[in-house]
There are 2 protein chains.
Amino acid sequence: MDTFTALADPTRRSIIEMLAAEDRNAGDIAGAFTVSRPAISRHLRVLREAGLVSAREHGQQRIYTLEPSPLAEVAGWVNRYSAFWEERLDRLSVAVSARAREGNEQ
Amino acid sequence: MDTFTALADPTRRSIIEMLAAEDRNAGDIAGAFTVSRPAISRHLRVLREAGLVSAREHGQQRIYTLEPSPLAEVAGWVNRYSAFWEERLDRLSVAVSARAREGNEQ
DNA sequence: ACGTTACGTAACGTCAAGGTTACATATCTG
DNA sequence: CAGATATGTAACCTTGACGTTACGTAACGT
């Protein structure tokens, strides 16, 4: 599953936020949500397969750690097009008058 | 639909990339993909409802424009946690030896 | 060794996302 | 006005995402 898709689910984003604070085992993570533990287990699998988290075994527990490098890729994409925003803002006054002049482009 | 969900679909991300280059009408956008025009029309609706694009009418055409402010919100979220990455990188040498001691991830 | 704890997986149900074809509507053009 | 063009919507189908309950398995504690 693609990183964007992994981030589409709010529960998974919450898990990421939790793990940003500190590493946690699966049970702790599940305990923070109302949905069932198997459901969280699945979410963790999705996050693992997307490379967004990794798990290490510690006795019978699995401790999850945030792996932010896929996040960095997403940040790259998003920043490219929200940076475009700044650019647009800079050009805003120009664009407005240009459009008024042209009628419409395309 | 939430912005993250709107971004989860690769076709919609492509549309955003196209519109970052320049405004386009619906037909042009649809022409760039292999899926049917109604499918693209739906994607455009999703993007509109997420506030990621806006449309203005120009005769019988609808010209779509990228509206990057929701992207900026996403950028805010993502950057918050990929910024955490930098922090981790700073701590990398420490972390590596720590993990080597503890065992292994995943 | 045995029950308990921590986790994952299997099997299954439901619902919504995304695709298609067919159709409705509005605007151009001759 | 009549036909062509541009676009959205309706109806429908299929598939996959997400949830639940039931079960399997490995490590702990007594």
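Values reported hereafter were calculated over all heavy atoms of this structure, with side chains retained and with hydrogens, waters and symmetry mates removed. These figures come from a predicted structure and were not determined experimentally. The sequence lines fix the lettering, A, B, ..., with proteins before strands; numbering per chain opens at 1.
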Test side chain to side chain contact (heavy atoms under 4.5 Å, CB included) applied to A:Leu7 and B:Trp77, step by step:
CA-CA 11 Å; A:Leu7 293 180; B:Trp77 190 91; 4.2 Å; yes
Is there a side-chain contact between B:Leu19 and B:Ile29 (heavy atoms, below 4.5 Å)?
yes
For A:Thr5 and A:Val46, run side chain to side chain contact (heavy atoms under 4.5 Å, CB included): C-alpha distance rounded to whole Å, both residues' side-chain angles, the deciding distance at 0.1 Å, then the answer.
CA-CA 9 Å; A:Thr5 306; A:Val46 170; over 6 Å; no
Atom-to-atom span, CD of A:Glu49 to C1' of C:dG8 - whole angstrom:
13 Å
Would you check if the side chain of A:Arg13 reaches a backbone N or O of A:Ala8 as a donor-acceptor pair within less than 3.5 Å?
yes
Ion pair check, A:Asp9 and A:Arg42, cut-off under 4.0 Å
no
Any idea which of D:dT9, C:dC7, D:dT7 is nearest the B:Gln61 side chain?
D:dT7
Side chains of B:Phe4 and A:Arg12: closer than 4.5 Å at any heavy-atom pair?
no
How many whole angstroms separate atom CG of B:Leu7 from atom C1' of C:dA17?
16 Å
Just to confirm, is there a sub-4.0 Å distance from OP1 or OP2 of C:dG8 to any side-chain nitrogen or oxygen of A:Tyr64?
yes
Is the closest side-chain heavy-atom distance between B:Glu67 and B:Leu52 below 4.5 Å?
no
Starting at atom CZ of A:Arg45, determine the distance to atom P of D:dG19, rounded to an integer number of angstrom.
14 Å
Are any of the side-chain heavy atoms of A:Glu73 and A:Thr3 separated by less than 4.5 Å?
no
Value in whole Å for how far the C1' atom of C:dA17 lies from CG of B:Asp2:
14 Å
What is the distance, to the nearest angstrom, from the CZ atom on B:Arg12 to the P atom on C:dA17?
9 Å
Using the C1' atoms of five pairs at each end, what's the angle between the two axes of the helix from C:dA1-D:dT30 to C:dG30-D:dC1, to 10 degrees?
20°
Got a donor-acceptor contact below 3.5 angstrom from the A:Ser14 side chain to the A:Pro10 backbone?
yes
What pairs of nitrogen or oxygen atoms, one from the protein and one from nucleotides 13-16 of chain D, lie under 3.5 Å apart?
none

From CA spacing to verdict: side chain to side chain contact (heavy atoms under 4.5 Å, CB included), A:Arg56, A:Asp23:
CA-CA 10 Å; A:Arg56 63 182 186 279; A:Asp23 293 1; 3.2 Å; yes
Nearest whole angstrom, please: distance from the P of D:dC28 to the CZ of A:Arg62.
13 Å
Whole Å only: how far is the CG atom of A:Asn25 from the P atom of D:dA27?
16 Å
On a heavy-atom basis, which atom in B:Leu66 and which in B:Ile16 lie closest, and how many Å separate them?
CD1-CG2, 3.9 Å
Nucleotide by nucleotide, 5' to 3', does protein get under 4.0 Å of the base (B), only the sugar-phosphate (S), or neither (-) in nucleotides 19-30 of chain C, counting heavy atoms?
SBBB----BS--
Taking atom C1' of D:dT7 as reference, at what distance in whole Å does atom CZ of B:Arg24 sit?
17 Å
